[in-house]
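Start at 1 and go down the list; that is how both ligands and their atoms are numbered. Computation of the quantities below employed the complete heavy-atom set of this structure, encompassing side-chain atoms and omitting hydrogens, waters and symmetry-equivalent molecules.
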Amino acid sequence: MLKILISVSELIKTYITGRTNEKGFDMCGIFGCIMENGKAAPVIHASMKRLEYRGYDSVGIATVSNGKLTVKKDQGKIDDVHKIVNLDDLPGSIGIGHTRWATHGAPLKVNAHPHVDCNGETAVVHNGIIENYAELRSELENRNHTFVSKTDTEVVPHLIEEAFKKNPTWTLTEAFVDAVKKLEGSYALAVISAKEPDKIVCARNESPLVIGVCEKATYCASDLTAFLPMTNKAVMINDGELVILTPGHYEIRRIQDGSEVIRKPEIIDWTPEMAVKQGYPHFMLKEIHEQPETLRNTLRAQGHYLDLLSTFLDRASEVFLVACGTSYHACLAGSYMFSKLAFLPTYPVYASEFVEQHGKSVNIDSTILAVSQSGETADTLGAVMCSQQRAATILGLTNTVGSTLTRVSRVYIGQQSGPEIGVAATKTFTSQLSVMAQLALKLSTKRGKCSQDEMDTLAEKLELLPETVEAIILTQEEKVKQLAKKYRDAKIFFFLGRGINTATAYEGRLKLMEIAYVPAIAFPAGESKHGPISLIEPGFPVVFICPKDGATHKTLIGNIMEMKARGASIISIIEEDDEEIKALSDDYVEVPKGIPEVLSPIPFVIPLQMLAYHIASLRGLDVDQPRNLAKSVTVE
Ligand code: F6R
């Protein structure tokens, strides 16, 4: 009953509406096309299809012709929207398009891009997250701008309009630069305007942008997959640069000082299939490599939702963390985070077991945090429905806004990882872990459980994790490949970790089993002597996850010795300066120094993902679609 009486106004609103998460952050594909002649819309439509893997919950195109801007957009997949609105039927040889993957907010027509200014003259498509959009929006509303969507993007056309209002003689480029300089966050933006119908202007900060050049046409896109059938000449755009596109030409300038940048096109010799995977042989490897970027996105601008979720958790009498597979491992790690940082006991439960185990006892005072990348996993939804019928509070963490989980959750948080195509979860796992860490930190602050210094240090370390992960991928992948060669024919693997890295060990095992078909076992390292150690014989590969921080390091050394004494081959994941464990290991992979134990699953799982990937790939297996598995398991 207590929850109904919660006095925090936002929580009451949440309770009444059943929804809170209305903001429209996106991770998506953008495209722009300017041609000497011919119709741009069909070209944009076809290119959006090639970008659909970046997002597919809504789509839109804007073109300019005869001094008039026309926009067509709607929610739904491109083919479905096309059937209704005919995306090819827009006039003009200049236009921009967008395919959206909503990470917050409903995937509705009103939130679909392109977004326009009050006069319907300027249209913008955007991939990224504008962090200061709320301040900008309220300033613009005070200046009588009318907003129609819940997106962060919509501030951009209004900022351009405002710049024109103040400086009527400005060019589109000048007004765009003025707008972009006010933005904080990540963006790849493309803009067209009826005021200047002979160019597209685009800009980049921390979201991908690439230009394609032909003799009589120029394109901008989130990646070159979009224009590869038209041209293989591509120019990569860097952060802080803007580009002015005219048919067959491009001009790059630095946003800060307007100085020109000379960069010649590169010839790309990828096949379309390679291009979709951005040159990677498999989606899984691409997604492993995307983790610095996805983690950056996950760490952005979640404050309000984290606050709401943590308030619910704070007031709960009992908290269950419910999920399947990899998402369950995120819950297991999350339970250590909540306990260590916020002194909140939580119960991670396999969703498929939840109804049997807790179906009778769950009640109005229980809170369920359901974690599901797809938001559609039948077992997870089964646990959620059972709890909902018994009046428990349902909270969600998912990568798929608009999924069933988001519809049944009282509050949900979007993990902002973008679509994951490989069946094996990689980038969505580390994003889930980082949301759990953010939640635990919020909750800790709320409950006053840790010192401010400790909180500040952890928050700083969390912010640095994208770089840490980047460094691991850059410096350790070769080593992991060598390891994969050495152990590719191993018949069985053992994964051991202690504390929070029990979850990392379980995840390392799952990755290896599901894509490389190598039987593997995982235990909390302390458990191995209670039975599993009898398996060990000379040469048996045992992977240890060994963060240096925290109390587990010392005891892990003991566990390594136990295994070593029985002839196991020790493969350790260690911090750079961990000479003690290095000396005990047959092989090791290093991660940067100074990672707090409570955050360590995020960097420490990266070598395990790479190990599973490279073993599977050396074995010539179908890495992205392992046998017997589906990306989303919608049967119980
Ligand atoms: C493993 C994997 C699966 C999923 C599980 C839950 O790599 O992807 O174990 O984690 O099927 O899926 P979601 O998170 O969509 O509920």
Side-chain angles (χ1 to χ4, degrees), residues 101 103 282-288 290-291 294 298 320-334 348-354 368-385 394-409 412-436 495 503-518 520 522 601 605-606 608-613 615-616 621-636:
W101 175 261
T103 49
H282 299 100
F283 281 110
M284 181 179 174
L285 189 60
K286 171 176 171 281
E287 285 154 4
I288 290 174
E290 271 170 14
Q291 287 176 107
T294 49
T298 304
F320 295 104
L321 308 175
V322 179
C324 302
T326 291
S327 296
Y328 169 79
H329 298 150
C331 290
L332 183 59
V349 187
Y350 284 113
S352 54
E353 286 299 312
F354 184 86
I368 314 298
L369 174 57
V371 180
S372 172
Q373 184 284 127
S374 61
E376 300 294 353
T377 299
D379 285 327
T380 308
L381 294 177
V384 162
M385 296 311 176
I394 311 298
L395 309 175
L397 165 57
T398 180
N399 193 32
T400 316
V401 173
S403 62
T404 308
L405 181 59
T406 62
R407 279 180 267 132
V408 297
S409 297
Y412 64 85
I413 192 154
Q415 58 181 83
Q416 317 202 27
S417 324
E420 189 173 66
I421 314 260
V423 161
T426 50
K427 62 176 182 170
T428 54
F429 176 62
T430 46
S431 287
Q432 286 168 347
L433 290 173
S434 103
V435 174
M436 292 284 191
F495 289 84
T504 318
Y506 287 167
E507 180 58 9
R509 169 197 59 178
L510 177 60
K511 289 290 90 98
L512 188 67
M513 285 197 310
E514 69 176 329
I515 61 161
Y517 312 149
V518 180
V605 78
I606 307 291
L608 305 184
Q609 295 172 342
M610 296 196 294
L611 182 65
Y613 170 79
I615 291 183
L621 299 171
D622 186 350
V623 176
D624 285 331
Q625 289 180 327
R627 67 186 178 208
N628 308 334
L629 291 176
K631 183 70 186 157
S632 177
V633 185
T634 52
V635 288
E636 281 184 25

Option set Thr326, Thr377, Thr428, criterion heavy-atom distance to atom 16 (O) of ligand 1, minimum | Thr377

Filtering Ala323, Ser327, Cys324, Ser403 for the heavy atom nearest atom 5 (C) of ligand 1 leaves Cys324

Once rounded to the nearest 0.5 Å, what's the spacing between atom [atom1] of [X] and atom [atom2] of [Y]?
{"X": "Arg627", "Y": "Asp622", "atom1": "CZ", "atom2": "CG", "result": "11.0 Å"}
{"X": "Leu381", "Y": "Ser374", "atom1": "CG", "atom2": "OG", "result": "7.5 Å"}
{"X": "Asn399", "Y": "Thr406", "atom1": "CG", "atom2": "OG1", "result": "11.5 Å"}
{"X": "Gln415", "Y": "Ser434", "atom1": "CD", "atom2": "OG", "result": "8.5 Å"}

Return yes when Lys511 approaches ligand 1 closer than 4.0 angstrom through a heavy atom, no otherwise.
->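 Yes, that is the case, since the closest heavy atom of the residue is under 4.0 Å from the ligand.
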
Judged by non-hydrogen atoms, does Asn399 sit under 4.0 Å from ligand 1?
->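 Flag not set, Asn399 not near ligand 1.
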
Check each heavy atom of Glu376 against ligand 1 and say whether those closer than 4.0 Å belong to the side chain, the backbone, both or neither.
->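 It is neither part, as no heavy atom is under 4.0 Å.
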
Under 4.0 Å from a heavy atom of [X]: give me the atoms of ligand 1 that qualify, with their elements.
{"X": "Glu514", "answer": "1 (C), 7 (O)"}
{"X": "Ser374", "answer": "13 (P), 15 (O), 16 (O)"}
{"X": "Val423", "answer": "8 (O)"}

Using distance alone, decide if ligand 1 has a nitrogen or oxygen within less than 3.5 Å of any nitrogen or oxygen in Thr380.
->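 The answer is no, given that Thr380 and ligand 1 share no N or O pair closer than 3.5 Å.
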
Say whether Gly325, considering both its backbone and side-chain N or O atoms, lies within less than 3.5 Å of an N or O atom on ligand 1.
-> no

Side chain to side chain, Met284 and Thr426, heavy atoms closer than 4.5 Å =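 Of all side-chain heavy-atom pairs linking Thr426 with Met284, at least one is under 4.5 Å.
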
Mind checking whether Val435 and Thr298 have side chains closer than 4.5 Å, heavy atoms only?
->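 Of all side-chain heavy-atom pairs linking Thr298 with Val435, at least one is under 4.5 Å.
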
Aromatic ring proximity, centroids under 6.0 angstrom, Phe354 and Phe320 |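 Phe320 vs Phe354: aromatic centres under 6.0 Å.
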
